[in-house]
Amino acid sequence: MLEGLRVSAFLAGRSLRRGNKGTIVLTVMIIALVFVNLVFLPSIVQGVVVSFNRQAIDYNYGNLDIEPREGEFYIPDGDTLVTRLGRMPGVVAAAPRIVVGAAITFATTTRSRSVIGVDRETEVLVTRTSTRMIEGEYLSAGDRDAIVIGKTLAGEKDERLDQLESLGGARVGDSVTVAYSNGEIRRYRVKGIFRTDAVGADSSAYVTRAELADVLGLQGQVSQVLIRTVEEGNEDEFRNRLYAFGVQEPISTWQEKSRGILADVTESFAIINLISTAVSLIIAVVVIFIVVFINTVNRRRQIGILKAIGIDKGMIVNSYVLQVIFMALLGTGLGVGLLAVVLRLLTVYPLRFPGGPVYPAVETAQILQSMASLLIVSVIAGYVPAWRTASEEILSAIRG
Amino acid sequence: MIEAVDLSRVYRMGTVDVQALRGVSFAIDRGEFVGIMGSSGSGKSTLLHIMGLLDRPTTGSLTVDGVDVLALSERERTRFRLARLGYVFQDYALIGELSALENVFLTPLVRGAGRGEYLRAAREILDEVGLLDRADHLQYELSGGEQQRVAIARALVNHPAIVFADEPCANLDTATSKTILDLFARLNRELGQTIVMVSHEDWHRRYFCRVIHLEDGRVDRLEDQACMSHADVGDRGAMI
């Protein structure tokens with residue numbers, strides 16, 4: 001076995017060293033590009049997923065979201081709950097919110113949107129909306145006549161520039177009228193406009209919780225409590241700790257809250273990904289098959305001579321397989337280099353998606369899987385034509 | 001050394017059967033330099049290929065170096081060729097990507113020889129055929145005669161029981177052919193190497209101990225020559 005490999009390696013080495021360099025370079029380049037293609041698209045898909053996940057945590061749900069029990073509108077005594085949660089190990093902060101539907105009017109344009117009442121002190125620790133102000137300022141603790149609105153809701157004066165229905169170009173300093181679902185109407189000054197790129201968040205408006213509590217006549221009740229945890233990724237386990245801690249209300253993880261849209265996106269991308277991977281691998285198989293087939297057909301006579309002088313067919317076939325393995329390894333190595341350049345570029349100049357900039361996210365497992373699949377298909381694509389040619393009768397091979 | 005009994009070979013050419021050999025029987029002893037001669041299409045190469053285990057007869061029996069070679073599997077035939085037979089082809093049949101030295105040490109390498117061993121063996125035999133100074137040259141850097149000498153070195157490096165040569169001088173000029181034939185004769189004389197060679201050149205006959213004349217796939221006659229003391233091979237060659 002090892003002796004055979006030694007001979008195969010010798011023949012492969014000489015063939016690579018003294019064979020057609022152009023063919024080798026071309027094959028290596030194609031393998032490299034196929035490798036880039038195998039990793040690139042999944043990295044973009046993963047980037048989209050990571051981006052969605054980040055937005056879900058940072059702008060919509062925190063890590064965990066406590067909501068009222070079935071059939072109830074509010075969590076009673078939210079303040080006490082928030083105070084208790086704030087003392088719990090592993091909790092960065094808990095942000096109480098009141099969420100209510102309202103009709104927001106700017107000039108002659110009225111839009112129905114959610115108005116969220118937040119406490120600045122805790123909200124800034126749980127969500128990052130306050131860091132994404134593009135105009136004006138975020139809410140202060142004592143604000144009662146101020147509102148901050150998302151860029152999508154604020155919109156542009158030229159409605160053709162809007163992606164969704166908007167207020168038609170509300171700006172900082174403008175006054176908007178908010179008609180709440182209980183009939184209460186308040187007038188607010190736009191204090192700031194934020195842009196998170198998370199569609200749901202950017203279509204919302206924020207006032208202070210004190211203001212909304214006043215509007216709705218609430219005393220300590222809240223619609224939801226968002227929790228930011230120190231560690232991410234073990235939200236399920238943390239939820240159990242919260243239940244053990246005495247929380248009675250239903251708790252959802254950010255994954256559960258964003259599951260619907262994210263699942264759709266991920267599934268769609270997974271299908272595209274699968275097709276792209278299959279096409280890439282088929283291209284690799286076809287190219288390597290053709291290269292090895294032409295190579296072996298051109299060397300039919302040489303293969304016949306090798307067999308005639310007593311070299312086992314397996315050694316001859318393996319010499320071609322080893323050449324393919326070498327080219328596949330070189331190709332994937334080059335592919336890793338190309339990929340690094342592409343990823344670097346896309347990190348500096350990220351792709352712009354409707355949900356915001358997407359940075360490619362490459363997982364080591366994806367790289368290893370692509371390397372392995374490329375190597376396997378290369379070996380198969382190299383083995384089959386080499387085996388076919390080497391199986392020919394010695395004399396007919398020698399006669400060409 | 002070689003015992004062929006009633007060998008026949010039928011090739012299927014489309015719908016037509018072509019009888020290349022028809023009941024050929026003969027024996028070749030160890031140390032002989034045997035020529036197989038005949039006109040074109042007489043079955044010389046077919047017979048050589050069958051004896052050299054590159055082809056199988058349709059009927060008959062064949063013993064080579066004491067082994068019933070027709071009973072061997074493909075893998076066993078490959079090993080047999082490697083271990084006991086050497087080949088010299090009409091058009092040299094060197095591996096173009098290998099140097100002269102590499103072409104020669106390939107079969108010892110396959111047999112599992114260590115680096116030092118196969119390099120020494122290859123250099124010795126290249127020296128024997130007068131090409132040690134061309135050891136690192138590739139095929140295209142060698143003349144036809146040099147390529148054929150490399151092929152002979154490759155055939156001999158494993159110390160085969162029999163060397164088969166299929167018209168080894170067909171592509172060479174007369175002077176170079178003589179060099180090659182002298183080399184064969186010297187190997188036969190000095191090393192006792194059994195050589196079976198196909199030729200259609202009448203003047204080659206002088207080098208052979210024995211000639212098997214084929215005609216239409218049959219043995220036309222067996223011609224025993226005084227198996228040379230070989231001392232006069234050079235002189236004979238010079239006379240041509």
Side-chain angles (χ1 to χ4, degrees), chain A residues 1-24 292 294-320 322-323 326 386-400, chain B residues 9 11 20 45-46 48-50 52-56 73-99 101-115 118 138-141 151 154-158 160 163-164 166:
Chain A
M1 177 71 180
L2 282 178
E3 286 301 328
L5 272 180
R6 189 169 70 132
V7 175
S8 301
F10 171 73
L11 290 172
R14 291 302 182 274
S15 184
L16 286 167
R17 193 193 297 175
R18 295 177 184 146
N20 188 328
K21 301 285 190 299
T23 308
I24 296 169
V292 176
I294 292 172
N295 204 1
T296 52
V297 164
N298 284 340
R299 295 177 197 209
R300 269 174 77 197
R301 192 159 184 283
Q302 179 172 311
I303 289 171
I305 292 161
L306 288 171
K307 287 173 71 179
I309 63 175
I311 297 178
D312 189 68
K313 183 173 83 174
M315 293 180 192
I316 298 167
V317 173
N318 286 341
S319 76
Y320 286 95
L322 286 176
Q323 288 179 58
F326 174 79
W387 182 83
R388 282 184 56 175
T389 310
S391 297
E392 199 174 358
E393 289 291 329
I394 292 175
L395 288 177
S396 65
I398 288 177
R399 285 171 188 143
Chain B
R9 181 68 168 100
Y11 290 111
S45 292
T46 301
L48 190 87
H49 293 152
I50 288 173
L53 277 63
L54 302 179
D55 196 7
R56 286 177 184 271
S73 67
E74 268 315 307
R75 175 159 281 196
E76 288 167 337
R77 284 163 69 87
T78 302
R79 286 191 194 132
F80 191 90
R81 286 198 298 271
L82 176 69
R84 302 205 205 180
L85 307 181
Y87 299 87
V88 181
F89 295 93
Q90 194 176 107
D91 52 358
Y92 331 128
L94 297 182
I95 306 302
E97 288 153 356
L98 304 182
S99 68
L101 184 72
E102 290 163 346
N103 264 287
V104 176
F105 75 55
L106 185 57
T107 49
L109 174 71
V110 175
R111 293 190 72 181
R115 182 179 163 78
Y118 67 66
L138 294 171
Q139 184 179 10
Y140 69 88
E141 297 169 323
R154 182 180 66 187
L156 292 169
V157 70
N158 272 344
V163 169
F164 293 101
D166 188 3

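Here is how names work: the chains are called A, B, and so on, in the same order as the sequence lines, proteins then strands, and each is numbered from 1.
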Given the options Asn158(B), Val110(B), Leu109(B), which has more heavy-atom pairs under 4.5 Å with chain A than any of the others?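 Between Asn158(B), Val110(B), Leu109(B), the count favours Leu109(B).
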Picking from Leu138(B), Leu85(B), Asp91(B), which has the most non-hydrogen pairs under 4.5 angstrom with chain A?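 The residue among Leu138(B), Leu85(B), Asp91(B) with the greatest pair count is Asp91(B).
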Where on [X] is there a heavy atom nearer than 4.5 Å to chain B: the side chain, the backbone, both, or neither?
| X | answer |
| --- | --- |
| Arg17(A) | neither |
| Ile394(A) | side chain |
| Ile309(A) | both |

Side chain, backbone, both or neither: which part of [X] has a heavy atom under 4.5 Å from chain A?
| X | value |
| --- | --- |
| Phe89(B) | side chain |
| Ala151(B) | neither |
| Tyr92(B) | neither |
| Arg77(B) | neither |

CG-CD1 distance between Leu395(A) and Ile50(B), expressed to the nearest 0.5 angstrom: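 Result: 9.5 Å between the selected atoms.
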Roughly how far, to the nearest 0.5 Å, is OG1 of Thr78(B) from CG of Leu306(A)?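 Rounded to the nearest 0.5 Å, the CG-OG1 separation comes out at 11.5 Å.
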Heavy-atom closest contact (Glu97(B) atom, Gln302(A) atom, distance):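 Glu97(B) and Gln302(A) have their closest heavy atoms at OE1-NE2, 3.8 Å.
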Indicate the atoms forming the closest heavy-atom contact of Gly310(A) with Leu82(B), along with that distance.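 In terms of heavy atoms, the two residues are closest at O-CB, 3.6 Å.
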Could you tell me which residues satisfy side chain to side chain contact (heavy atoms under 4.5 Å, CB included) with Asp312(A), sequence neighbours excluded, listed by chain and number?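 Per chain and number, Asp312(A) pairs via side chain to side chain contact (heavy atoms under 4.5 Å, CB included) with Met315(A), Arg75(B).
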Between Lys307(A) and Glu74(B), is there a side-chain N and carboxylate O pair less than 4.0 Å apart?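 No.
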Is there side-chain contact between Phe10(A) and Leu98(B), with at least one heavy-atom pair below 4.5 Å?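 A side-chain contact under 4.5 Å exists here.
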So Leu11(A) and Leu106(B), do their side chains get closer than 4.5 Å, heavy atoms only?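 They are in contact (side-chain heavy atoms under 4.5 Å apart), so the answer is yes.
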Run the salt bridge (charged side-chain N to carboxylate O under 4.0 Å, His left out) test against Arg81(B) and tell me which residues pass, sequence neighbours left out.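 Partners of Arg81(B) by the salt bridge (charged side-chain N to carboxylate O under 4.0 Å, His left out) criterion come out as none, since no residue qualifies.
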Residue pair Arg18(A), Glu102(B): steps toward the salt bridge (Lys or Arg N to Asp or Glu O under 4.0 Å) verdict: CA-CA 13 Å; Arg18(A) 295 177 184 146; Glu102(B) 290 163 346; 2.5 Å; yes
Any chance CD of Glu393(A) has more than 12 other-residue heavy atoms, nucleotides or ligands included, within less than 6.0 Å?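 No, because the 6.0 Å sphere around CD of Glu393(A) holds 12 heavy atoms or fewer from other groups.
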